[in-house]
Structure formats: structure tokens, C-alpha cells
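In what follows, a single structure is set out as C-alpha cells and then discussed.
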Protein chains: 2
Amino acid sequence: MTETRAYHHGDLRRALLAAALDAIEEVGPAALSLRDLARRAGVSHAAPAHHFGDKAGLLTALATQGFDLLAQTLASAGDDLLAAGVAYVDFAVRHRAHFEVMFRPELYRAGDAELVTARERAGAALRSGVATLPTSGAPVDTDRDALAAWSIAHGFATLWLAGALPNRVGGNPRKAAQEVLRRLTR
Amino acid sequence: MTETRAYHHGDLRRALLAAALDAIEEVGPAALSLRDLARRAGVSHAAPAHHFGDKAGLLTALATQGFDLLAQTLASAGDDLLAAGVAYVDFAVRHRAHFEVMFRPELYRAGDAELVTARERAGAALRSGVATLPTSGAPVDTDRDALAAWSIAHGFATLWLAGALPNRVGGNPRKAAQEVLRRLTR
DNA sequence: AATCCTATCTTGCCATTGACAAGATGCCGC
DNA sequence: GCGGCATCTTGTCAATGGCAAGATAGGATT
């Protein structure tokens, strides 16, 4: 939203990030071209460098944005583990570009301060979603349980995005994810 | 093994694939440079093109090799689901370069004939490992169970490779994977 | 109002890369 | 010995990332 019409002097930074999301959905994060972004935004080929330094800088900004969005998404999904898992998969599918960058740290500056805090925020949201696991009998190892939940949601999302899943899984990721995630929670 | 010393006229193809594995472990599959591979192999910058056509061709060969290796690995892991899961994660860690390419189909020709058969072979090995799920009571949906098992193993492997796991998980992927995968099988 | 100042953006440049074309080299069968 | 073919080299071009130097403009200071 707020598609402000001013690049030439205005919010170029925002426009470039938006263009990057489009481009990544089309060709993937690796094939991203700064010059292509500049063309999409209608500015010169060196304009992006001023806002992000280099390509890694731009992807760092994108990853930070992504972790913030994920934290927000998980928080509003509530405390139910199954719902949180579905929200995680849904996030990956709906914000594919963000998600693909976030988990490819070799493409950005993983030590960047803002990024680190955003990632920790997302991590906290993730753990709080798992804290409500049904403690059915056996001694619980929350860390391992959290990791298992994260793994199954992340794995399903990744396989979905990679197009690795058989056609039979169908076109509704939320439904399919729910059926899969249920295997863990029961 | 069989580090034959003949490139200039010899098994350049094999040497290039080996060099590619090294390079990918160093800089990731996206930053792979054909010219760098040529330098590593001691040949001219255009030599790789003859064997693989282009970069996608080389990565297709690598992915095919990877799926074959995975099929072989899963087959020799036996019929136990937990063992198969651990073998899957172990494969990802030990053959990181192969694994990273295999699940990034935008980098290679996913429709290539040899690749398709290799991938199907790996898929079959995967499913046969899941077929021995403990049918404890409830009506079993094998497809969904298989998908859940694949998801949790794949997710753990992916998170491990991305360096996303907390330090506490430790340096032994097999052990950590086993503890996580157990959450699903019990 | 004139001036400086700084953020923003442009132009120009260079090394690297992927891909292609054309030519050289050497092996193998006849 | 000779032709043919696979293999490899040299040369070239467009695209890209990144750097340097310069242009432009809006705001603050005086």
C-alpha cells in the first residue's frame, strides 16, 4: 500500500525494496540484479548503492523486514501450536521472497545489528508459540519439542516452495500443512 | 578417489564436477563461477561449456548425481524410519553442496530426463523408508505420514545448513536429528 | 537573501562473468 | 596415412557489481 508516486526525489529506498520483492519472486534471490531494480524504479544504475551499499546490503534490509514480518505474523497467530505452524507455512508461501532471503545467510550480512534483533524477535515469537505444547505424560524437553515443531513447519514450507511436493498435495498449502503438522501435535 | 592426474586430455568432466563441489561448499551454489572452475581444473575458460553447455547444465549434472547418492544412502539405511531420517540429515550435512543444489530447481533444468529418473529413484527410496511406520491404532494415511517425516527431516537439515539453529543444539547433527525425529515416530 | 552543506542521484569507468563463434589439437578407426 | 570427431583454446560481446567523481536540490545558518 501507500504506492507514493515519488522516486526521483522521494522514497527510493522503499521503491527499491518493493521492486526487489517482485524480482525475487520472478527469478529468485540469487539472480537478483541491482541494475534491474534501478531500471524498475526509473533511476540510474548506481542509485541503489547509495541506499544499501551493495547487493548484500539490500538483501540484509529485506531479510530484516522479513524477520519482523514473521514475528508479527506468529504473534497474531496466537498461542496454539498448530495454528502457529500453519501461520509459519502460510507466511513462507505468501511472502516467498522474504522467506527465501531470510534463510540464505550467505547472501546478506548475518551480523548486522538491526537484522540480529529482528531475527531474535522472530525466534522469541516462535518459542512462545511452542510453549503451549500438550505436556502429555512423558517428561518434556521444550527445546527439542520446539525444534521439532520448527523443523516440520520449516521443512514443509521449504519443500512446498521448491516445488518438490507431489501434485497430490494440492493447491491449498494451509490445509496440507495442517494435516502434516497434526502428525506432530497429537 | 581415483584422482586421475589427466585433465588436459582426460576426465575433465569429472574434475569439473569435483571442483564445483568444493566451490559450492565455499561460496554457495549461486555464486558458482564457471571460469573459476576452469581455473581450478587448469583449463581454458570455455572448456566447461563443451561438457555441460552452460551453468544450468553443470548444476543439472550435479543435482542428478546428488539424487542418485541420496537414493543409495537411503537404501542402505534400511527400513527403520528413524534411521532413514537420520540418514537423510546426515546426507545433507556430509554432501552439503549436492543437497543445496538439489532443492534449488531454479538453478538447473528440472525437466532433464536423467535428473527426473534420479529424483524418482530417490523419492521411491524415501517412501519405502516410511512404509514401515508403526501403525499404532488410528487409521493411517501413509501419504501424509510420509510427507510429515520428509518435512521434519528436511526442515531440520535445512535449518542446520542455514546455521539457523541455536548453539545449544551442538556439533553432532546425527544425535540432534535423532532426538528431534523421535518426536514424530513415537 | 545569499551561502553553505549534506543527502540524493547521475555519469563514467573497470574487472569479472556467461555465452557464443571460430579455430586449433589430438585421438581413433579405416 | 588420412579423414572425422570429440575435446579444448582464443577471441569477442553484452551484462553486472562496484567504485569514483561530479551534478542537483532542499534546508539550515548567517
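Every chain is numbered from 1 and lettered A, B, ... according to where its sequence line falls, protein lines coming before strand lines.
Using a 30° and 60° split on the angle between ring planes, A:Tyr88 and A:Phe103 fall in the tilted class, from 30° to 60°.
The number of heavy atoms from other shown groups lying within 6.0 Å of CD (A:Glu25) is above 12.
Atom-to-atom, CG of A:Leu12 to P of D:dA25 comes out at 16 Å; the value is rounded to the nearest Å. Nucleotide C:dC9 holds its P atom 12 Å from the CZ atom of A:Arg13, rounded to whole Å.
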* To do: Step by step, work out the side chain to side chain contact (heavy atoms under 4.5 Å, CB included) result for B:Arg104 and A:Arg104.
  => CA-CA 12 Å; B:Arg104 219 159 290 179; A:Arg104 218 159 291 180; 3.6 Å; yes
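Listed pair A:His50 / C:dT10 fails the phosphate criterion, with no side-chain N or O lying under 4.0 Å from OP1 or OP2.
Taking the six-membered ring for Trp and the full ring otherwise, A:His95 and A:Phe91 have centroids separated by under 6.0 Å.
Using a 4.0 Å cut-off between charged side-chain N and carboxylate O, A:Arg40 and A:Glu26 make a salt bridge.
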* At under 4.0 Å between heavy atoms, which parts of nucleotides 13-21 of chain D does protein reach? Answer with one letter per nucleotide, 5' to 3': B base, S sugar-phosphate only, - none. => ---SBBB--
